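What you see is a predicted model, and the numbers here were worked out from it, not measured in a lab. Counting convention: from 1, in listed order, for ligands and their atoms alike.
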Amino acid sequence: MKKISFFGLGNMGGPMAANLVKAGYEVCVYDLVPSAVHELVGLGAKAADTPEAVVADADIIISMLPAGKHVASLYKSLIGPADQPNRYLKKGALVIDCSTIDAATIKALYIELNNIDVGCIDAPVSGGVAGATNGTLSFMVGGQLEQFSAAKPILEVMGKNIFHAGEVGAGQIAKVCNNMLLSILMVGTSEALQLGIDNGLDPSKLSEIMSNSSGSNWTLDVYNPCPGVSESVPSSNDYKPGFMTNLMLKDLGLAMDTAIASGSSTPMGALTRNLYALHQKSGNGELDFSSIFKQFSQK
Ligand code: NAD
């Protein structure tokens, strides 16, 4: 069985690594937060004191880190200086970066790793903490088909839908397209619901009507932002995340960077990013992203 190193044991990486351990893989973990490491060791993972020791003998290196700068800096230290590269990574190993980061960072990393005979794919996820815990994430993978095929059995332990989006970086592009659309749908659903409420409609009845009409969409049907319409969603639990406004804003920033780089016109995405920036500034960064509804409902 392949030996796995896992970096980043936060809200997402912790349960993802736990699922690999439960599936019987030998997993060596690393995080800057000792308690996160101890929790995984308690489940049967191995640990080492330095990132370099964690990757010794690893066939697969998975990272689930906050942003591009963390990913770039981790692998820079593992690859080593240009005059004596690759002191730590096994030749033929495969890096699977699952973080949501800019496509440019993963493309640059792919080239550096390729030069030292280490594979690299981007595999950002959708499905949130619940998906990570239940092993039902969607993975959007960018990379060579051969490397995708090698990663697939491991990704299947952590996810339900594993998509090959295209060449390296394509997973990140698919991810920002999806989240930009999600945020636009969330804002549209929120303003439509509030328009109905302001004109005397019951939001549950209006949701039922629109869900069975052409306005049907995931944010209305499954993740309704109006408190009290659906049970077990963040809006009916004081907007506890779920998927934080801070993270949605980060993804919308990546979407805008992507649009600028490709010269694409994304007016709805730009407007939505601005709405979420205002929402964050109003103190809602730690709330679920469906709390944008409050911007429309507050008197
Ligand atoms: P998090 O902040 O909970 O966890 C990140 C972890 O990385 C932390 O435990 C931190 O200590 C660790 N870390 C930072 N630098 C490190 C380093 N150099 N070496 C080892 N560990 C390091 O974040 P999260 O919610 O788990 O998100 C991780 C990634 O997944 C982000 O890119 C995020 O955008 C993406 N994502 C998150 C969600 C979600 O719902 N939380 C959903 C989809 C995608």
Parallel, tilted or perpendicular: rings of Trp218 and Tyr223 (30°, 60°):
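Taking Trp218 first and then Tyr223, their aromatic rings lie parallel (interplane angle under 30°).
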Q.
Please enumerate all residues that pass side-chain hydrogen bond (donor to acceptor under 3.5 Å, both in side chains) together with Lys294, with sequence neighbours excluded.
A.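 Counting only residues at least two positions away or on another chain, Lys294 forms a side-chain hydrogen bond (donor to acceptor under 3.5 Å, both in side chains) with Asn284.
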Can you find a heavy atom in the side chain of Gln172 that is under 4.5 Å from one in the side chain of Pro124?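 The answer is yes, as the side chains (C-beta and beyond) meet within the 4.5 Å cut-off.
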Quiz item: Do any N or O atoms from the side chain of Asp288 and from the backbone of Phe243 form a donor-acceptor pair under 3.5 angstrom?
Solution: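 Yes; at least one donor-acceptor contact below 3.5 Å.
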May I have every N or O pair linking ligand 1 to the protein at under 3.5 Å, one per line with atom names and distance?
| residue | atom | partner | partner atom | Å |
| --- | --- | --- | --- | --- |
| ligand 1 | 3 (O) | Asn11 | N | 2.9 |
| ligand 1 | 3 (O) | Asn11 | ND2 | 3.2 |
| ligand 1 | 9 (O) | Asp31 | OD1 | 3.2 |
| ligand 1 | 9 (O) | Asp31 | OD2 | 2.7 |
| ligand 1 | 11 (O) | Asp31 | OD1 | 2.7 |
| ligand 1 | 26 (O) | Asn11 | N | 3.3 |
| ligand 1 | 26 (O) | Met12 | N | 2.9 |
| ligand 1 | 32 (O) | Leu65 | O | 2.9 |
| ligand 1 | 32 (O) | Pro66 | O | 3.1 |
| ligand 1 | 32 (O) | Thr100 | N | 3.0 |
| ligand 1 | 32 (O) | Lys250 | NZ | 2.9 |
| ligand 1 | 34 (O) | Lys250 | NZ | 2.8 |

- prompt: Should Met140 and Ser126 be marked as a side-chain contact (heavy atoms from CB on, under 4.5 Å) after you check the CA-CA gap, both sets of side-chain angles, and the distance that decides it?
  reply: CA-CA 8 Å; Met140 307 167 202; Ser126 177; 3.5 Å; yes
- prompt: About how many Å separate CG of Leu254 and CE of Met180, when rounded to the nearest 0.5 Å?
  reply: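 Between Met180 CE and Leu254 CG, I get 12.5 Å after rounding to 0.5 Å.
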